[in-house]
There are 2 protein chains.
Amino acid sequence: MSQQRHGVTPGNAPGDRAGAVPAFPDLPEATIARLPEYLRALHNLGDAAADTISSEGLAAAAGVNSAKLRKDLSHLGSYGTRGVGYDVTLLIEQIEYVLGLDQRRAVCLVGLGNLGHALAGYDGFASRGFKIVALFDADASKVGELIQGLEVRHIEDLGRVAVEENIAIGVIATPALAAQAVADVLVDAGVTSILNFAPCVLSVPANVDVRKVDLAIELQILSFHEHRKASLTALPGGRSAASAGNQEAVGS
Amino acid sequence: MSQQRHGVTPGNAPGDRAGAVPAFPDLPEATIARLPEYLRALHNLGDAAADTISSEGLAAAAGVNSAKLRKDLSHLGSYGTRGVGYDVTLLIEQIEYVLGLDQRRAVCLVGLGNLGHALAGYDGFASRGFKIVALFDADASKVGELIQGLEVRHIEDLGRVAVEENIAIGVIATPALAAQAVADVLVDAGVTSILNFAPCVLSVPANVDVRKVDLAIELQILSFHEHRKASLTALPGGRSAASAGNQEAVGS
DNA sequence: CGCTGTGAAGTGGTTCACAGCA
DNA sequence: TGCTGTGAACCACTTCACAGCG
């Protein structure tokens, strides 16, 4: 593995290798998507367990196999000790650094319908490195409402507030029809990461990252597997679990 | 789930290929995950557009490239016409059939906190082939509450109700600590598909499919990209969009 | 002639299996 | 000896490029 020098800014990275090139360790996307899972597992473990963990143990806690975990961690220069395992604290620091969680990123949430309300109140954000600093809605009747101590503002103020509050990530929880317009406003305001809950495709400039969560799609994928399972079990007499399914839970 | 074996029965499939093998078309996972997206795009189009659509057009509407779309559709035996495109109605039927959406699947929701409430009220489920038929919570003070016309029941009733209502899919929106226990109950009740919103790994038998949605993880992945972008722009003087980002929105 | 359907090539990710270090 | 780190084989998916059909 080459890119040992993960840290860009020396002194910021927990592990300070000598001459650190400015290049950011470019991890495979698949690895990036799993790092948060490892981090969660480590935090759970850290509470009650030893200060070191084997790849086998951590892999089990994160729901992956150990070879994959080792390869993933090796990408970040890895902080394991052969014959022993990984130092839990060090590994947490390292992953948090790579994910950029050492700086709490400001998040704004647009659309305070059903889902938006829930997201505004979701404590999993705060506890895992994010702070919702502003709420927006286009509906005048919602503006001014207090949710979790934050006042809902009108979408028109988004541009100004986004800059003021240095918002890095925008969450869209509006109806599909409004989503593209909201995305445009976010992009104009300098936001370069968007989490989209609206069931539609957003078009954004190349430098903006969009991730999409579509709850109905998740169910439809499960529906497919139900359909498949049903068509495999010759004649499903009852509710008994049968047949040879795939050997492990389908990944996210 | 006494699921009648729809899949195989001839006359159920919209397209009746001659000797149709009983084997279920086993599509690549990646394809399955995209079919719902195509379906949504088709529905959007169907409203206002012609009754036929080219791979190029549909691909654009679904946010993928046309080669991928054609390959995906070819897996299901494909219903396009060379030189013309795909028949919108026929394609919708075909995809809905493969996904098993022709039968509305009963869904139950466990955990009526913040997120659970939002999910219970999310109309995107009903409109896309699913019906939430039961709500459960372990908190006695929540039992009896009416949400969207459904009464919250105690988790103890889950086993019985799941069988009565023929529930196919369980949605877990409980705190992480409760999630495994809930999953166990669901599995015991014969549910073979689970959508898990709790930030933890579930262990389930091989025949049960689990999909996980972790909102904080989505943000953490975006955070990584923010971090990366910040480290690439030499010194990010302001909020100007700069640098060469990845050329398209990051997939889900 | 245009667009689908698809072999073939290319890419990225996973798994294996073991070298190498504590 | 035990466990990490990693080349190499393997596999899944994507993309290309074009044959083939309407």
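A, B, ... follow the sequence lines: proteins, then strands. Residue 1 opens every chain.
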Roughly, in whole Å, what's the span from [atom1] in [X] to [atom2] in [N]?
| X | N | atom1 | atom2 | answer |
| --- | --- | --- | --- | --- |
| Leu58(B) | dG5(C) | CG | P | 12 Å |
| Leu91(B) | dT4(C) | CG | P | 11 Å |
| Leu90(A) | dT4(D) | CG | P | 14 Å |
| Glu29(A) | dC13(D) | CD | C1' | 15 Å |
| Ile53(A) | dG2(D) | CD1 | C1' | 15 Å |
| Leu69(A) | dC16(C) | CG | P | 15 Å |
| Glu56(A) | dC16(C) | CD | P | 12 Å |
| Tyr79(B) | dG22(D) | OH | P | 16 Å |

Open item on the list: Testing the 3.5 Å rule here: is there a donor-acceptor pair between the side chains of Arg228(A) and His225(A)?
Closed with: yes
Task: Test salt bridge (charged side-chain N to carboxylate O under 4.0 Å, His left out) applied to Arg128(B) - qualifying residues, sequence neighbours left out - done: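 Result, salt bridge (charged side-chain N to carboxylate O under 4.0 Å, His left out) vs Arg128(B): Asp214(A).
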Task: Which residue lies more 5' along DNA chain C, comparing Asp72(A) with Ala67(B) via nearest heavy atoms - done: Ala67(B)
Task: Shortest side-chain distance from Lys71(B), nucleotide among dA22(C), dG7(C), dG13(C) - done: dG7(C)
Task: Candidate nucleotides dA22(C), dT14(C), dT6(C), ranked by approach to the side chain of Arg34(A) - the nearest - done: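 Of all the options, the side chain of Arg34(A) is nearest to dT14(C).
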Do the side-chain N or O atoms of [X] get closer than 4.0 angstrom to the phosphate oxygens (OP1, OP2) of [N]?
| X | N | value |
| --- | --- | --- |
| Lys68(A) | dG13(C) | no |
| Asn65(B) | dT15(D) | yes |
| Tyr86(A) | dA22(C) | no |
| Ser55(B) | dT4(C) | yes |

Task: Residue mapping more 5' on DNA chain D - nearest nucleotide basis, Arg70(B) or His75(B) - done: His75(B)
TODO: May I ask you to verify whether the side chain of Arg82(B) and the base of dG20(D) hold a donor-acceptor pair under 3.5 Å?
DONE: yes
TODO: I would like to know whether Leu42(B) and Ile53(B) meet side chain to side chain contact (heavy atoms under 4.5 Å, CB included); could you show each step before the answer?
DONE: CA-CA 9 Å; Leu42(B) 283 165; Ile53(B) 177 99; 4.2 Å; yes
- [ ] Return each pair, listed once, that meets salt bridge (Lys or Arg N to Asp or Glu O under 4.0 Å) where at least one residue sits in residues 72-82 of chain B; pairs must be two or more places apart or across chains.
- [x]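 Matches after skipping sequence neighbours: Arg34(B)-Asp72(B).
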TODO: Verify, without hydrogens or angle tests, whether Ser223(B) (side chain) and Leu99(A) (backbone) share a donor-acceptor contact under 3.5 angstrom.
DONE: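 Confirmed, Ser223(B) side chain pairs with Leu99(A) backbone.
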